[in-house]
Amino acid sequence: MAYFKAEDIKSKITAIENAIDTVLTGGKSYRLNDGQGDIQVTRESLSSLQSALDYWIEKYNELDTSADIVSIRSYR
């Protein structure tokens, strides 16, 4: 089980949003480092990026702000 602080989750959300924005504004591709490795992002991967964004936003919203940590189970 991995633990992420609010700042870690915000960083992931920002990275995903930047990748989406770059591809949507005409970039052919974007390299995204998700903390586990580099990912080549293209227009074809927008749906999976949106899913990842939704996942991390949900985890961020579930945070107990008094503890500032959320438990995440990896399914990779």
Side-chain angles (χ1 to χ4, degrees):
M1 185 178 304
Y3 295 96
F4 294 93
K5 291 186 175 186
E7 299 82 35
D8 299 331
I9 296 174
K10 285 181 192 177
S11 176
K12 289 180 182 297
I13 290 170
T14 300
I16 295 168
E17 288 174 335
N18 288 341
I20 290 171
D21 288 345
T22 298
V23 173
L24 286 177
T25 57
K28 299 244 187 242
S29 66
Y30 184 85
R31 292 198 84 66
L32 169 70
N33 187 315
D34 68 353
Q36 303 206 9
D38 280 344
I39 299 169
Q40 181 77 16
V41 177
T42 63
R43 218 173 253 288
E44 290 76 29
S45 52
L46 285 175
S47 64
S48 58
L49 281 174
Q50 185 61 52
S51 294
L53 181 61
D54 293 342
Y55 173 83
W56 286 111
I57 288 172
E58 179 183 330
K59 292 303 174 190
Y60 182 79
N61 290 334
E62 290 174 359
L63 277 176
D64 173 2
T65 54
S66 63
D68 203 28
I69 292 179
V70 64
S71 171
I72 309 256
R73 185 177 300 224
S74 174
Y75 294 99
R76 284 189 177 207

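We count residues from 1, following the sequence as given. Worth saying up front: this structure is predicted, and the values here are computed from it rather than measured.
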Could you pull out all residues at least two apart from Asn18 that satisfy side chain to side chain contact (heavy atoms under 4.5 Å, CB included)?
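Result, side chain to side chain contact (heavy atoms under 4.5 Å, CB included) vs Asn18: Thr14, Tyr30.
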I need the [X] [atom1] to [Y] [atom2] distance, nearest 0.5 Å.
{"X": "Glu17", "Y": "Lys12", "atom1": "CD", "atom2": "NZ", "result": "14.0 Å"}
{"X": "Leu53", "Y": "Ser48", "atom1": "CG", "atom2": "OG", "result": "11.5 Å"}
{"X": "Ile16", "Y": "Tyr55", "atom1": "CD1", "atom2": "OH", "result": "10.5 Å"}

Under 3.5 Å, side chain of Thr25 to main-chain N/O of Asp21, donor-acceptor pair present?
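Checking the backbone N and O of Asp21 against the side chain of Thr25, a donor-acceptor pair under 3.5 Å is found.
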Asn61 side chain vs Glu58 backbone, donor-acceptor pair below 3.5 Å
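A pair under 3.5 Å: no.
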Provide the closest heavy-atom pair for Trp56 versus Ile9 in the form atom of the first, atom of the second, distance.
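Smallest heavy-atom distance, with atoms named: O-CG2, 3.5 Å.
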Within the 4.5 Å heavy-atom criterion, are Lys59 and Phe4 side-chain neighbours or not?
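Result no, sub-4.5 Å side-chain heavy-atom pair not found.
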Leu49 versus Val23: any side-chain heavy-atom pair under 4.5 Å?
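Not in contact.
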